[in-house]
Amino acid sequence: MTKEKLNIGVLALQGCVDRHRPHIIAAGASFCAVKTPEKFQEIDALIIPGGESTTMLKLIDTFGLEEDLKKVFAEKPVWGICAGSILMADKVINPIQKSFHMMPVTMERNGYGRQLESHNAVVDGFEVSFIRAPVVKAVNDNVEILASHDGAPVWLRSGRYMVTTFHPELTLEYPSPMHQAFVHLTQEFS
Ligand code: GLN
């Protein structure tokens with residue numbers, strides 16, 4: 001069954017939330033900022049935005065959201081961006097940190113080093129921003145690599161899950177190919 005208009009939630013605890021709105025709308029879906037379990041039930045898919053993964057983990061704990069989020073992770077498409085991709089990884093290094101083991105990859109936090117902490121690059125023909133981005137160090141066989149940059153995968157998919165180590169939402173050209181792909185992925189699973 002295909003729903004007429006999909007509702008894409010962006011986890012609004014911390015980080016870059018609102019800039020997703022025009023991309024999601026241009027991709028033909030509705031945008032919804034979510035931070036309560038009631039709202040989690042209204043969405044068809046979730047974006048965990050870029051920000052600071054340690055702060056997000058603390059806020060998930062402070063607001064007691066872990067179990068409700070795990071239910072969303074078990075049922076719905078999820079896209080993790082930068083800090084969000086770190087939360088979704090199977091293993092996090094530099095330093096070792098808690099994660100939700102959704103995407104069978106190893107992520108090195110701040111993997112581009114100090115000088116290159118932030119830079120723009122063209123990925124899949126679209127300019128995107130790497131902001132203190134992680135680097136994917138190891139990838140399991142069942143992960144599809146959708147794009148690479150500087151010799152490392154930066155856009156990956158595994159079943160209902162998608163991760164980008166970069167931010168596509170800061171570019172003012174709507175929708176980004178990544179938002180379009182995530183709305184298509186959500187259609188597949190709705
Ligand atoms: N360096 C941040 C972290 O480790 C991620 C940065 C981002 O999301 N832009 O959580």
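Both counts, for ligands and for their atoms, begin at 1 and track the order of listing.
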Check your understanding: Can we say Lys71 and Glu67 salt-bridge, meaning some charged N sits less than 4.0 Å from an Asp/Glu carboxylate O?
Key -> no
Point to revise | Neighbouring residues of ligand 1, heavy-atom cut-off under 4.0 Å | key: Gly50, Gly51, Glu52, Ser53, Cys82, Ala83, Ile86, Arg109, Asn110, Ile131, Arg132, His167
Exercise for review: Could you name each residue pair satisfying ring pair (Phe, Tyr, Trp, His ring centres under 6.0 Å) that touches residues 33-58, not counting sequence neighbours?
Suggested key: none
Practice item. With sequence neighbours excluded, tell me which residues meet ring-ring contact (aromatic ring centres under 6.0 Å, His included) with Phe63. Key: none
Check your understanding: Other than Val92, what residues sit in its cluster of Ile, Leu, Val, Met, Phe, Trp and Tyr side chains whose heavy atoms are under 4.5 Å apart, directly or through others?
Key -> Ile86
Check your understanding: Of the options His20, Arg19, Glu169, which is the one that meets Pro49 in a side-chain contact (heavy atoms from CB on, under 4.5 Å)?
Key -> His20
Review point. Are Ile48 and Val128 in one and the same hydrophobic cluster, where Ile, Leu, Val, Met, Phe, Trp and Tyr link if side-chain heavy atoms are under 4.5 Å apart?
Key: no
